[in-house]
Amino acid sequence: MALDELKSAIPDFAKDLKLNLGSVIGNSDLPKQQLWGTVLACAIASRSPKVLRELEPEAKANLSPEAYTAAKSAAAIMAMNNVFYRTRHLLSDSEYGTLRAGLRMNVIGNPGVEKVDFELWSLAVSAINGCGQCLDSHEQVLRKAGVDRQTIQEAVKVASVIQAVGVTLDAEAVLAE
């Protein structure tokens, strides 16, 4: 199992990450599609080749082809949106917030899976990318759709652990060179 290989690659000084990775994926209350879509989207967003290589096969095995593509789409569109909206938010000139974005985001309206799943994956990627405006937007859509805070927090926990594992393993790879 790739998850076990990934866990075994985590150094002893990051034992908490190893334990957390096992629990956020292995003991998650998220439905299978929501969990593995979150895992895949976050593995992509982590930018860690090792994390993506190890988690992608299991995600692919646990997702329908449509959900697999939608999770990748969530990572892709949020890579763009998180930079754009975070920048607009961080600029001190509020006039930028009134300008038309002019960016295509059709996949958000028609992701090929349940809207709630896509929104959850988008929120998790936004957590990794640090876009507060996107986090608020996706959280509000999810809450209006009846998703509870616990479910949203579960996705954020997956995002935080996958990101931390990626940072740790990539740093160790550089230090080993």
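Computed from heavy atoms alone, side chains included, the values below leave out hydrogens, waters and symmetry copies.
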ILVMFWY network linking Ile44 to Val165, side-chain heavy atoms under 4.5 angstrom: yes
Side chains of Pro111 and Thr69 in contact at under 4.5 Å (non-hydrogen atoms): no
Check whether any side-chain heavy atom of Asp12 lies under 4.5 Å from a side-chain heavy atom of Lys15, and answer yes or no. no
Can any side-chain N or O of Asp93 pair as donor or acceptor with the backbone N or O of Glu95 at less than 3.5 Å? yes
Please say yes or no: joined through hydrophobic side-chain contacts below 4.5 Å, possibly via intermediate residues, are Leu35 and Leu3 part of one cluster? yes
Please tell me if the side chains of Val116 and Gln34 come closer than 4.5 Å, counting only heavy atoms from C-beta onward. yes
Could you report the tightest heavy-atom contact between Ala79 and Val83, atom names first, then the distance? O-CG2, 3.5 Å
Would you say the side-chain atoms of Asp117 pair up with the backbone N or O of Val113, donor to acceptor, closer than 3.5 Å? no
Main-chain N/O of Leu99 paired to Arg88 side chain as donor or acceptor, under 3.5 Å: yes
Over all atoms of both residues, closest heavy-atom pair of Ser126 and Asn82: OG-ND2, 3.0 Å
Check whether more than 12 heavy atoms from other residues, nucleotides or ligands sit under 6.0 Å from atom CD of Glu114, and answer yes or no. no
Treating Ser46 as the side-chain partner and Ala43 as the backbone partner, does any N or O pair qualify as donor plus acceptor under 3.5 Å? yes
Residues in side chain to side chain contact (heavy atoms under 4.5 Å, CB included) contact with Ile108, at least two apart in sequence or another chain: Ile77, Asn81, Met105, Lys115, Phe118, Glu119
Please report the closest heavy-atom contact between Ala59 and Trp36, naming both atoms and the distance. CA-CE3, 3.5 Å
Less than 3.5 Å apart, any donor N or O on the side chain of Gln33 or Tyr68 sitting next to an acceptor on the other? no
So do the side chains of Lys7 and Leu19 get within less than 4.5 Å of each other, counting heavy atoms only? no
Does Ser8 use its side chain to pair, donor to acceptor, with the backbone of Glu5 at less than 3.5 Å? yes
